[in-house]
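Written below as structure tokens is the structure these notes are about.
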There are 2 protein chains.
Amino acid sequence: MVRVGLTAARLTEAAGELADEIGLDKLTLSALARRFGVKDASLYSHVKNLRDLRVRIALRASEGMTDRIATAVAGRAGKDALVAFADAYRGYALEHPGRYAATQMRIEPEEVADSAGFRRSVELTYGMLRAYGLTEPDLTDAGRLLRSTFHGYIHLELSGGFGHSRDVQASWSRSLDALHVLLENWPSRHDGNKR
Amino acid sequence: MVRVGLTAARLTEAAGELADEIGLDKLTLSALARRFGVKDASLYSHVKNLRDLRVRIALRASEGMTDRIATAVAGRAGKDALVAFADAYRGYALEHPGRYAATQMRIEPEEVADSAGFRRSVELTYGMLRAYGLTEPDLTDAGRLLRSTFHGYIHLELSGGFGHSRDVQASWSRSLDALHVLLENWPSRHDGNKR
DNA sequence: GCAGAAACCTAACACCCCTAGGCAGTGGTC
DNA sequence: GACCACTGCCTAGGGGTGTTAGGTTTCTGC
């Protein structure tokens, strides 16, 4: 019996690659086992079940993504930081669509087991927004808006939601310009009047 | 043999309800057949396969959603129209999460078979944006940004991505305020300088 | 009333998730 | 060096799902 040397970590890594190649929804324990030349049942010694595997991918990916964003943002502020953040975010998602999709799963707090990725990601966002002079609860609102826009854009881009009429990269740049303007002119509280 | 009276339309409708209840990813032909008291194989006379069923849900849902938006937006312009559009969009998605998820599928042009939903949806968006004085290619860019933000927000909201710290509805309202400001101050072309 | 279409069925295959229990190398202990 | 516990991987098997092929029963239009 030849032992391949499976580990939860090696499985997670390979599963992430596989998810990037064929899509997270098509990631299957059988396929992963096949890639290692091993039977499906063998994986259950290392990984609780399919959901567990996906959660592991998500936690690992959110760390990698946050690292990338942190590096990009380091030493920048204002629009520089916004663009660096956004491009790093989008870059990771486009290069690793499967892993990125995993980060969007609903994950219960007890599954997270204190992974640094999510927390640091929030801190990075808030730091960037504070440079625009925002304070709570505007920080939360603007943070939600930014995350929504980034995620929505990438989701639509990856799912082919944009026609091929206009360059997606150009739209992205313009959108970042617009978001910068938005953050600089964030409406003050109780400013809900129209026009 | 008791006939239930299956039709592609009835199946699509029921499948949409089922998807709203249990989630699009858990929508299964077996479950749908069970709901009708029928064997899985029987569905294949009406529907090509699972993907075909999902596409049908998507096309039907995008029509329903567009109707709702069109009604909400009718006779409004500027911020009124923006808020009406956004609330109708979000309202549909929150009430029909399964059907909404279907509308986000990658659908090939030949599968669409000229469904009015998607086209009208684009027209509605563009009409709203023209009221802000935008012209191409800003129309496309702003449209993409709006769609991204709406979709991203709802996706995060539905997937529990927002903590329970601050009221989601309040954040949504503030985001719409901000988007209104953004559209009024849409940066003119070649205005990419910083700060 | 009949022919053909339509609705629904059974049977069968492939793929997947997951559990239970078994065996064979591996490393530690005396 | 012999023993033993551990663990990595196995086989076997049950249950769910998607899909095709080909039958049988009911409905419908003439």
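Naming: A, B, ... by sequence-line order, numbering from 1 per chain. Note: hydrogens, waters and symmetry copies are ignored here, and every other heavy atom, side chains too, is used.
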Return each pair, listed once, that meets salt bridge (Lys or Arg N to Asp or Glu O under 4.0 Å) where at least one residue sits in residues 122-135 of chain A; pairs must be two or more places apart or across chains. none
Could you give all pairs that pass the salt bridge (Lys or Arg N to Asp or Glu O under 4.0 Å) test and reach residues 44-58 of chain A, with sequence neighbours left out?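 Qualifying pairs, neighbours excluded: A/Arg51-A/Glu111, A/Asp52-A/Arg56.
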Just how far, in rounded Å, is [atom2] of [N] from [atom1] of [X]?
| X | N | atom1 | atom2 | answer |
| --- | --- | --- | --- | --- |
| B/Arg54 | D/dG18 | CZ | C1' | 11 Å |
| B/Leu6 | D/dC27 | CG | C1' | 14 Å |
| A/Asn49 | D/dG16 | CG | P | 18 Å |
| A/Leu11 | C/dC17 | CG | P | 13 Å |
| B/Tyr44 | D/dA21 | OH | P | 12 Å |

With sequence neighbours left out, the residues meeting salt bridge (Lys or Arg N to Asp or Glu O under 4.0 Å) with B/Asp40 are none
Tell me, please, which residues at least two apart from B/Asp67 pass salt bridge (Lys or Arg N to Asp or Glu O under 4.0 Å). B/Arg120
Over its full length, what angle do the end axes of the helix from C/dG1-D/dC30 to C/dC30-D/dG1 make, each axis taken from five pairs and the result rounded to 10 degrees?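 Answer rounded to 10°: the end axes differ by 10°.
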Residues in ring-ring contact (aromatic ring centres under 6.0 Å, His included) contact with [X], at least two apart in sequence or another chain:
| X | value |
| --- | --- |
| A/Tyr153 | A/Phe162, A/Trp172 |
| A/His155 | A/His151, B/His151, B/His155 |
| A/Tyr92 | A/His96 |

What residues 21-41 of chain B contributes to the DNA chain C interface at heavy-atom separation below 4.0 Å is B/Val38, B/Lys39, B/Ala41
Please identify each residue that fulfils side chain to side chain contact (heavy atoms under 4.5 Å, CB included) with A/Ser173, with sequence neighbours left out.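 Partners of A/Ser173 under the side chain to side chain contact (heavy atoms under 4.5 Å, CB included) test: A/Gln169.
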For A/Ser45 and D/dC9, is the shortest distance between a side-chain N/O and OP1 or OP2 below 4.0 Å?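 Checking D/dC9 against A/Ser45, no side-chain N or O comes under 4.0 Å of OP1 or OP2.
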Any side-chain N or O of A/His46 under 4.0 Å from OP1/OP2 of D/dC9? yes
For the hydrophobic clusters of this structure (ILVMFWY residues joined by side-chain heavy atoms under 4.5 Å, transitively), does one cluster hold both A/Phe85 and A/Tyr126? yes
Going by the side-chain hydrogen bond (donor to acceptor under 3.5 Å, both in side chains) test, which pairs reach into residues 4-17 of chain B, not counting sequence neighbours?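 Qualifying pairs: none.
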Taking only nitrogen or oxygen atoms into account, show me every contact under 3.5 Å that the protein makes with nucleotides 12-14 of chain C, one pair per line with its distance.
none

Heavy-atom check, side chain of B/Leu145 versus side chain of B/Thr149, under 4.5 Å: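 Side chain of B/Leu145 against side chain of B/Thr149, heavy atoms only: contact under 4.5 Å found.
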